[in-house]
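Each remark here refers to the structure printed beneath this line.
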There are 6 protein chains.
Amino acid sequence: MILPLFFIFCLLSSTSQASVVDFCVADYAAPNSPAGYSCKKPAKVTVEDFVFHGLGVAGNTSNIIKAMVTPAFDAQFPGLNGLGISLARLDLNKGGVIPLHTHPGASEALVVIQGGITAGFVSSDNTVFIKTLNKGDTMVFPQGLLHFQINSGGIPALAFVSFSSANPGLQILDFALFKSDFPTQLIALTTFLDVAQVKKLKGVLGGKN
Amino acid sequence: MILPLFFIFCLLSSTSQASVVDFCVADYAAPNSPAGYSCKKPAKVTVEDFVFHGLGVAGNTSNIIKAMVTPAFDAQFPGLNGLGISLARLDLNKGGVIPLHTHPGASEALVVIQGGITAGFVSSDNTVFIKTLNKGDTMVFPQGLLHFQINSGGIPALAFVSFSSANPGLQILDFALFKSDFPTQLIALTTFLDVAQVKKLKGVLGGKN
Amino acid sequence: MILPLFFIFCLLSSTSQASVVDFCVADYAAPNSPAGYSCKKPAKVTVEDFVFHGLGVAGNTSNIIKAMVTPAFDAQFPGLNGLGISLARLDLNKGGVIPLHTHPGASEALVVIQGGITAGFVSSDNTVFIKTLNKGDTMVFPQGLLHFQINSGGIPALAFVSFSSANPGLQILDFALFKSDFPTQLIALTTFLDVAQVKKLKGVLGGKN
Amino acid sequence: MILPLFFIFCLLSSTSQASVVDFCVADYAAPNSPAGYSCKKPAKVTVEDFVFHGLGVAGNTSNIIKAMVTPAFDAQFPGLNGLGISLARLDLNKGGVIPLHTHPGASEALVVIQGGITAGFVSSDNTVFIKTLNKGDTMVFPQGLLHFQINSGGIPALAFVSFSSANPGLQILDFALFKSDFPTQLIALTTFLDVAQVKKLKGVLGGKN
Amino acid sequence: MILPLFFIFCLLSSTSQASVVDFCVADYAAPNSPAGYSCKKPAKVTVEDFVFHGLGVAGNTSNIIKAMVTPAFDAQFPGLNGLGISLARLDLNKGGVIPLHTHPGASEALVVIQGGITAGFVSSDNTVFIKTLNKGDTMVFPQGLLHFQINSGGIPALAFVSFSSANPGLQILDFALFKSDFPTQLIALTTFLDVAQVKKLKGVLGGKN
Amino acid sequence: MILPLFFIFCLLSSTSQASVVDFCVADYAAPNSPAGYSCKKPAKVTVEDFVFHGLGVAGNTSNIIKAMVTPAFDAQFPGLNGLGISLARLDLNKGGVIPLHTHPGASEALVVIQGGITAGFVSSDNTVFIKTLNKGDTMVFPQGLLHFQINSGGIPALAFVSFSSANPGLQILDFALFKSDFPTQLIALTTFLDVAQVKKLKGVLGGKN
């Protein structure tokens with residue numbers, strides 16, 4: 001049976017290079033491209049590349065928003081590089097708020113695991129879609145639209161979210177405006193906010209100019 | 001201020017048609033296309049289209065696999081039509097097994113919510129990646145590859161999975177072979193399984209021919 | 001030559017159906033899908049479907065922002081349906097401002113035709129990129145990121161912008177917050193803005209709740 | 001065993017809608033979209049939708065180019081609608097020529113089945129890539145570039161080509177110029193060809209104006 | 001004419017860099033990414049990069065399946081890197097079988113060149129589509145679905161297949177299960193196959209554990 | 001407030017890696033891939049990467065076509081690498097002509113800034129779409145189709161064009177045929193042009209063979 005097995009091996013090996021593209025585990029040391037990170041050599045890939053433990057740890061919510069976003073994007077989770085999907089964990093303590101934000105590169109789906117969450121988004125025609133979600137409820141937020149989540153139950157809330165990209169991006173409105181070096185005068189001019197309001201929030205969040 | 005408000009309204013209305021494409025809530029009564037279902041008229045869209053309650057209900061695991069997959073794909077959850085993402089709930093009772101299967105159209109990310117799950121997949125070069133996951137652990141399964149999940153804890157297990165497509169498809173190996181009208185002789189010929197084995201499993205799963 | 005010409009006609013006709021997909025001129029009366037509008041029957045397509053005259057007319061800037069965006073998206077310009085590109089005209093009078101906004105579905109490239117424009121965007125890590133542009137200068141704004149344009153010259157400014165999608169969407173931050181029925185308390189909670197500030201701007205822009 | 005089988009059926013049915021998107025067999029009577037034709041109802045799909053017999057018949061080469069292209073695009077082969085692939089058969093009699101042409105929407109791969117074929121394409125930097133191919137040789141033509149095939153063996157040649165789109169389109173240079181109503185003066189102006197040359201070829205191919 | 005030719009050269013050179021993206025011939029020595037291999041420098045590209053001779057040689061069918069798959073994927077054929085298409089040759093001797101397999105990353109189109117082939121696939125709702133194909137017949141297999149080909153004629157069969165990706169992957173069911181180190185107990189648990197059956201096939205195919 | 005600010009910083013930093021993919025400014029020194037150039041390290045990115053001044057300079061039209069195309073593709077404008085959009089400037093002096101050409105990888109949208117332009121394209125079924133455009137008029141040219149622009153006003157014309165790809169490519173018909181080393185006999189054979197005509201144009205444009 002040596003001969004047949006040899007040729008089966010041929011069949012196998014002649015196509016095994018194809019497996020390179022079953023996945024492309026991120027090699028953070030090599031260049032990345034618009035399609036994602038370069039691929040680690042298949043021989044160096046292990047099951048640990050496809051497993052992420054970071055979402056099992058509660059995010060620290062001792063902060064001003066009483067909430068924490070823990071991402072598992074391709075920058076943190078090498079195995080999902082190029083696979084068009086990523087995840088994050090949302091911890092919202094009592095009174096916790098995930099402020100208005102967008103994901104420039106992906107749509108989001110949220111599942112409530114514990115507690116109650118009121119979530120909403122605004123569409124391009126300025127329609128507001130808001131819903132209070134209970135354990136097990138799911139809500140989807142279309143790509144690039146402003147959305148928020150707040151704890152609306154009496155207990156700490158937990159949710160997992162997934163995204164339609166390995167790297168959805170995250171632009172938090174308040175951080176973009178008030179935690180950056182966006183000049184106060186330009187913010188006022190392009191948002192109609194009062195200068196005093198802008199300065200007040202820059203004071204809290206640490207923005208400059 | 002009538003005049004300015006009028007022109008602001010112009011600015012608004014001149015672009016509000018663009019909101020059509022912020023999302024495309026599935027209209028199941030209209031034709032679908034390779035890109036998904038037709039879009040419901042924006043005026044008929046409500047927040048309920050973006051919310052799904054079906055994943056909050058435990059799947060019935062009183063079946064031969066002691067497990068249940070509850071999908072929230074575009075066929076069940078109209079709001080994620082065209083958004084490139086979908087979800088499912090996995091309930092695995094003690095001894096529960098999600099048999100070997102593939103998603104022809106998407107990669108999958110799994111988060112363990114309760115219990116312990118041993119999961120694995122096989123790549124094109126026949127390497128097997130298997131890992132036992134605990135609460136909060138995440139694992140990714142690249143598109144189209146055979147994979148499985150089994151309850152490896154002492155208690156019922158719960159996981160949520162998400163997919164990189166609004167309709168990932170689900171091909172369960174045993175159902176494709178033994179719950180279909182795939183002729184027994186052809187199965188034996190194309191899998192090397194013994195005819196007796198094929199007939200035995202067809203008997204259990206209800207396949208014909 | 002009758003015979004050969006007949007067969008040439010065969011060659012032609014046997015493949016001419018393929019031309020259906022050279023383009024897909026929008027049929028606004030038929031269903032649309034996540035990929036865009038349905039296609040008008042090729043026999044009904046004329047050159048006018050591929051030509052748009054609306055960007056030749058100066059937008060009316062007698063409004064609160066002293067500026068106007070005139071879109072040529074697939075909802076206005078049927079010929080670019082499905083082609084992955086669209087356009088708009090920006091008129092900025094002296095002191096004109098295009099307030100902070102995003103395009104959820106596309107990247108943008110701007111060309112200054114007349115006057116001077118100061119433009120900027122903020123990235124996900126809250127870095128601000130601002131530049132004053134003169135006639136003929138081009139600037140690109142990556143998909144989904146907050147950006148603005150203001151007239152920084154002494155004369156009315158004109159720019160044309162193009163997008164990497166036939167329907168990029170347009171979410172104007174102030175309209176999403178203050179021209180919508182987004183409840184004031186929720187805005188305050190998810191933006192840290194003072195309630196008085198929110199109410200003031202709702203008064204100007206006509207928002208409710 | 002009724003009960004378990006019932007629940008297996010639930011598992012099956014709860015996900016069987018997903019199969020809609022395994023494929024989208026073209027329904028030529030319904031609207032088409034930029035993504036392809038609408039999908040035939042799964043219940044009406046048969047194996048014949050996935051099989052095409054037209055490429056088994058030699059194309060008639062009794063024409064001016066002594067060659068024939070027989071397409072199996074989505075307009076002819078409903079089963080490959082939306083699958084991103086299509087086929088064609090090339091028959092080249094002795095002296096047969098497939099004139100310079102492009103496929104606006106796809107790359108092409110050619111396999112020589114019989115005879116000898118000299119093929120070539122020109123890249124954007126005007127480099128010419130020409131090769132004489134024998135039986136079993138394969139050549140790839142990148143998307144949208146001008147290319148040709150001629151019979152360079154002593155016998156009739158046969159090749160099968162495949163494309164990276166269900167509808168690659170086919171623009172034959174001579175037909176675009178000389179079999180259309182492209183005004184002779186405009187052709188001369190935009191190609192530098194002599195008017196006499198244009199008129200001569202319009203006479204042969206039947207072009208107007 | 002020196003001056004004009006100089007400026008024509010400018011026009012040419014100013015855009016010739018664009019040719020970089022007409023194609024991206026694989027540079028196997030550089031990193032690859034989710035989009036494929038890095039591109040060889042255009043100056044080093046020759047026509048041989050776009051031609052592949054390997055499909056002209058009959059595959060050796062002196063093996064257990066009396067068949068051979070010879071791939072021309074991007075790992076073997078550098079010129080089709082990034083072009084969204086690839087090819088393979090199928091040789092099926094008398095009694096030859098291409099066992100049940102999937103292509104995780106592409107749809108497949110098959111053309112019968114010689115002999116008779118019976119082919120089939122199973123969809124997500126466990127419908128089986130089987131057809132006996134003769135010389136010149138074409139069949140399409142949607143992405144990611146289990147399918148097979150067997151020689152059903154009295155003579156050796158030859159087919160060429162093409163794929164909707166430069167690297168479709170190839171997962172052969174029997175090799176994934178019985179030629180890998182997939183533990184026998186886990187296979188039995190996730191396929192319902194008898195342990196004896198699994199051990200028997202591992203013995204034939206060389207699987208471990 | 002140190003503590004909360006510290007954790008806000010955590011929230012920020014934990015996700016700031018995601019910003020890598022907001023954009024991928026071209027690093028011309030690193031490998032490129034089918035998806036575009038490698039990304040410059042975010043720390044090295046400046047606003048100048050997103051701004052291009054080259055389109056502000058009139059192209060030199062003292063050449064045989066009395067016209068010039070000035071591209072701002074990813075090869076010239078690093079900031080639009082991977083963003084799916086690019087630009088070019090068209091200068092057409094009196095009598096200027098952009099000869100028949102295609103963009104293999106993108107659709108094009110044109111805006112007339114000054115003067116009058118007559119533009120047209122030919123579809124796969126050899127229908128010709130021609131229109132005379134005035135200042136402010138826009139016309140779209142579907143991907144990969146032959147098209148042209150000529151100055152049809154009494155004054156020099158200026159237009160800006162945008163493309164649905166960061167690198168659309170540009171294949172000028174006359175340069176492909178008559179400014180290359182495409183053998184004269186093969187051109188004649190594959191275009192039906194007279195050898196004398198081919199030689200005449202090669203003499204003007206500098207083609208060989």
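Below, chains carry the letters A, B, ... as their sequence lines are ordered, and counting in each starts from 1. Computation of the quantities below employed the complete heavy-atom set of this structure, encompassing side-chain atoms and omitting hydrogens, waters and symmetry-equivalent molecules.
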L100(F) portion near chain D, given a 4.5 angstrom heavy-atom threshold: both
What part of D194(F) lies closer than 4.5 angstrom to a heavy atom of chain D: side chain, backbone, both or neither? both
Partners meeting ring-ring contact (aromatic ring centres under 6.0 Å, His included) with F141(D) (sequence neighbours left out): H147(D)
Set of residues satisfying ring-ring contact (aromatic ring centres under 6.0 Å, His included) with respect to F50(D), sequence neighbours excluded: F23(D), F121(E), F129(E)
K66(F), NZ atom: more than 12 neighbouring heavy atoms under 6.0 Å: no
Highest number of heavy-atom pairs under 4.5 Å with chain D among I98(F), D181(F), T127(F) belongs to D181(F)
Under a 4.5 Å heavy-atom cutoff, which of L146(D), T102(D), L173(D), V198(D) has the most pairs with chain F? L146(D)
Within-4.5 Å side-chain heavy-atom neighbours: N126(F) and F182(D): no
If you tally heavy-atom pairs under 4.5 Å against chain F, which of Q197(D), K200(D), Q143(D) wins? Q197(D)
Distance col, row I172(F):CD1 vs T191(D):OG1, nearest 0.5 angstrom, shows 13.5 Å
How long is the span from the NE2 atom in H103(F) to the OG atom in S124(D), to the nearest 0.5 Å? 9.5 Å
For P183(F), which atoms come within 4.5 Å of any heavy atom of chain D: side chain, backbone, both, or neither? side chain
Within the 4.5 Å heavy-atom criterion, are N209(D) and V128(F) side-chain neighbours or not? no
Does any backbone or side-chain atom of L189(F) lie under 4.5 Å from a heavy atom of chain D? Answer side chain, backbone, both or neither. both
What part of L193(F) lies closer than 4.5 angstrom to a heavy atom of chain D: side chain, backbone, both or neither? both
F148(D) versus L186(F): any side-chain heavy-atom pair under 4.5 Å? yes
Rounded to the nearest 0.5 Å, what's the gap from OG1 on T190(F) to CG on D174(D)? Could you check? 8.0 Å
Please look at L145(D) and chain F and tell me whether the side chain, the backbone, both or neither of the residue comes under 4.5 angstrom of a heavy atom of that chain. both
